[in-house]
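Have a look at the structure below, then the notes.
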Amino acid sequence: MALLEISVVPVGTSSESFQDDVDRAVAVIEQNGLKYQVTPTSTIVEGDIDKLFDVAQVIHLNEVKNNAKRVVTTMKIDDRTDKDMTLEGQVNKVDK
């Protein structure tokens with residue numbers, strides 16, 4: 001499994017808050033049955049690389065559809081091919 005860190009910043013909206021934007025993003029992630037963890041500045045999602053790209057695109061385009069005049073999406077992908085990697089496993093390594 002790959003990990004995707006995604007942060008979406010809609011610019012030119014009627015609100016300074018990102019809460020509704022995060023709620024929309026989480027809904028997309030949950031609809032796709034993916035594991036995730038929300039952090040203060042981004043969301044980490046675990047899944048098949050193709051599915052992660054699809055979800056990231058939907059999250060980004062939802063902000064455009066929600067009338068943001070500009071959308072800045074930052075993504076970081078960790079796709080380890082030599083062994084299995086999970087969101088929980090990576091967090092547990094740090095907690096040790």
Side-chain angles (χ1 to χ4, degrees):
M1 292 281 171
L3 299 177
L4 164 71
E5 178 180 7
I6 186 166
S7 175
V8 180
V9 180
V11 180
T13 66
S14 61
S15 174
E16 297 299 318
S17 173
F18 294 131
Q19 182 63 49
D20 291 341
D21 307 286
V22 173
D23 289 345
R24 276 191 297 278
V26 166
V28 170
I29 295 164
E30 289 177 345
Q31 288 166 4
N32 281 276
L34 299 173
K35 291 183 182 179
Y36 67 95
Q37 181 176 351
V38 176
T39 76
T41 58
S42 65
T43 301
I44 315 299
V45 188
E46 173 188 312
D48 172 76
I49 191 72
D50 292 328
K51 180 70 110 175
L52 293 177
F53 278 121
D54 291 343
V55 165
Q57 181 179 20
V58 171
I59 291 170
H60 176 88
L61 292 176
N62 277 349
E63 295 306 314
V64 173
K65 290 177 188 173
N66 199 49
N67 296 322
K69 296 187 178 18
R70 183 176 189 175
V71 181
V72 178
T73 299
T74 305
M75 299 185 335
K76 186 186 306 183
I77 296 172
D78 188 351
D79 188 13
R80 189 159 185 175
T81 60
D82 62 333
K83 64 181 186 176
D84 288 335
M85 178 176 56
T86 65
L87 178 60
E88 185 177 272
Q90 294 302 99
V91 171
N92 288 340
K93 287 179 184 180
V94 174
D95 288 342
K96 287 185 180 182

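Excluded from the calculations below are hydrogen atoms, water molecules and symmetry mates; all remaining heavy atoms, backbone and side chain alike, are included. Count residues from 1 along the sequence. Quick caveat, the model's predicted, so the values are computed rather than measured.
- Atoms NE2 and CD1, from H60 and I6 in turn, are 9.0 Å apart once rounded to the nearest 0.5 Å.
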Can I get a per-line list of side-chain donor-acceptor pairs under 3.5 Å for residues 86-93, giving both atom names and the distance, sequence neighbours left out?
| unit_1 | atom_1 | unit_2 | atom_2 | d |
| --- | --- | --- | --- | --- |
| T86 | OG1 | G89 | N | 2.9 |
| Q90 | OE1 | K93 | NZ | 3.4 |
| N92 | ND2 | E88 | O | 3.3 |

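- In this view, E63 and R24 satisfy the salt bridge (Lys or Arg N to Asp or Glu O under 4.0 Å) rule, not counting sequence neighbours.
- Cluster membership check: V22 shares its hydrophobic cluster with L34, using side-chain heavy-atom separations under 4.5 Å among Ile, Leu, Val, Met, Phe, Trp and Tyr.
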Per-pair distances, 0.1 Å, donor-acceptor, side chain in residues 50-59, under 3.5 Å, sequence neighbours excluded:
| unit_1 | atom_1 | unit_2 | atom_2 | d |
| --- | --- | --- | --- | --- |
| K51 | NZ | N32 | OD1 | 3.1 |

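- Following chains of ILVMFWY side-chain contacts shorter than 4.5 Å, one can reach I49 starting from V45, so the two form part of one hydrophobic cluster.
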Contacts table for residues 75-84: side-chain donor-acceptor under 3.5 angstrom, sequence neighbours left out:
| unit_1 | atom_1 | unit_2 | atom_2 | d |
| --- | --- | --- | --- | --- |
| R80 | NE | D82 | OD1 | 2.5 |
| R80 | NE | D82 | OD2 | 3.4 |
| R80 | NH2 | D82 | OD2 | 3.1 |

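- Residues I44 and I29 fall into different hydrophobic clusters, defined by Ile, Leu, Val, Met, Phe, Trp and Tyr side chains chained together at heavy-atom separations under 4.5 Å.
- A distance of 7.0 Å separates CG in D48 from CE in M1, rounded to the nearest 0.5 Å.
- Using a 4.5 Å heavy-atom cutoff, the side chains of N62 and V28 are in contact.
- The salt bridge (Lys or Arg N to Asp or Glu O under 4.0 Å) check on K35 picks up nothing, with sequence neighbours excluded.
- In this structure, T41 has no side chain to side chain donor-acceptor pair (under 3.5 Å) partners at least two apart in sequence or on a different chain.
- Following chains of ILVMFWY side-chain contacts shorter than 4.5 Å, one cannot reach V72 starting from L61, and the two form parts of different hydrophobic clusters.
- The closest side-chain heavy-atom distance from F18 to V9 is below 4.5 Å.
- If you take CG on D23 and CD on E30, they are separated by 9.5 Å, rounding to the nearest 0.5 Å.
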